[in-house]
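Read through the structure below, which is laid out as structure tokens, and then see the notes.
In listed order, ligands and their atoms are each counted from 1. Bear in mind that the values here come from a model prediction, so they are computed numbers and not experimental data. Index from 1, following the sequence.
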Amino acid sequence: MKAFENKVVLITGGGTGIGKATAIVFLAEGAKVVISGRRQSVLQATTKELGTSAHFVVGDVSKSGEPKAIVDEAIAKCGQLDVLVNNAGAFSMGPLMETSDEEIERIYRTNVFATLALSREALPHLIKTKGSIINISSTVSSGVMAGSSVYASSKAAVDHITRNLAAEYGPSGVRVNAVAPGLTATDMSTGVRSDEQMLTMMVGQTPLGRLGEPSDIAKAVLLLAGDEAGWITGQIVQASGGLML
Ligand SMILES: NC(=O)c1ccc[n+]([C@@H]2O[C@H](COP(=O)([O-])OP(=O)(O)OC[C@H]3O[C@@H](n4cnc5c(N)ncnc54)[C@H](OP(=O)(O)O)[C@@H]3O)[C@@H](O)[C@H]2O)c1
């Protein structure tokens with residue numbers, strides 16, 4: 001029997017990048033997977049590619065009420081929830097003096113509000129299955145990089161949400177962990193990766209000497225969600241090839 005047979009995994013932002021790679025590894029272990037995002041066409045195409053154990057829900061995690069609608073629809077489609085992967089995220093980089101209120105709100109609503117609201121809606125279902133939450137953080141949540149104050153602080157909040165929820169819901173049998181990727185080859189990092197100097201610097205500072213692939217991050221998520229990690233909670237696992245150690 002495969003490790004995630006009869007289990008249901010909800011992955012926000014699962015239509016692309018790290019979320020899609022995460023869906024692939026859970027499906028390979030026998031799970032039913034629900035991916036969510038704002039673009040129906042992307043979710044439709046990805047679900048078709050992933051096969052009949054994959055389902056999708058359209059929703060904007062940054063808007064009040066939508067996290068509940070996403071979780072409710074996932075339950076309606078699959079009947080239970082064993083793992084929530086809070087992966088949908090928004091990135092911004094630049095001097096704070098040039099950052100608008102709207103940009104700060106966009107980053108905080110997508111990375112912080114959504115992580116809290118989706119976790120709140122998923123917890124009653126996860127308590128029933130003794131399931132777990134995996135949040136997707138970033139190496140900059142603990143490292144410092146000029147131009148990252150908004151994004152990095154939002155991911156630091158994700159780390160602290162992870163530890164606090166681990167303490168709060170451990171007694172109910174729910175584990176909460178986070179994976180912190182370094183620079184990973186996805187749509188989100190296109191801007192950073194297309195800056196030759198930046199790319200060379202980031203890879204140069206990565207002890208394992210290459211850029212991360214979405215599958216590198218997906219494997220860390222799978223590991224933390226599995227029974228082998230049953231005594232691990234409240235941890236932020238760096239999946240970065242050693243960047244910003
Ligand atoms: N790539 C990196 O170098 C890197 C490094 C560290 C951490 N991360 C983190 O990894 C996670 C995944 O990002 P990625 O690199 O895989 O980039 P990506 O391919 O751009 O994925 C982001 C996903 O989030 C969804 N999303 C964004 N805003 C949303 C919203 N308001 N509501 C619902 N869905 C939303 C997007 O779908 P729609 O646009 O269709 O909504 C997209 O599928 C993020 O949390 C990111 O911060 C990435």
**Q.** Under 4.0 Å from ligand 1, counting heavy atoms only: the protein residues, by chain and number
**A.** Gly13, Thr16, Gly17, Ile18, Gly37, Arg38, Arg39, Gly59, Asp60, Val61, Ser62, Asn87, Ala88, Gly89, Thr110, Ile136, Ser137, Ser138, Tyr151, Lys155, Pro181, Gly182, Leu183, Thr184, Thr186, Asp187, Met188, Ser189
Q | Ionic contact status for Asp216 with Arg210, cut-off 4.0 Å | A | yes
**Q.** Reported NZ-to-CG distance for the pair Lys32 and Leu27, which is rounded to 0.5 angstrom
**A.** 11.5 Å
Q: Write down the atom of Ala31, the atom of Val9, and the distance for their closest heavy-atom approach.
A: CB-CG2, 4.0 Å
Q) Does the pair Glu29/Lys7 count as a salt bridge with the N-to-O cut at 4.0 Å? A) no
**Q.** For the student: nearest non-hydrogen atoms of Ile70 and Val57, plus distance
**A.** CA-CG1, 3.9 Å
(Q) Using every non-hydrogen atom in the two residues, find where Ser149 and Ser153 come nearest and quote the distance to one decimal. (A) O-OG, 2.6 Å
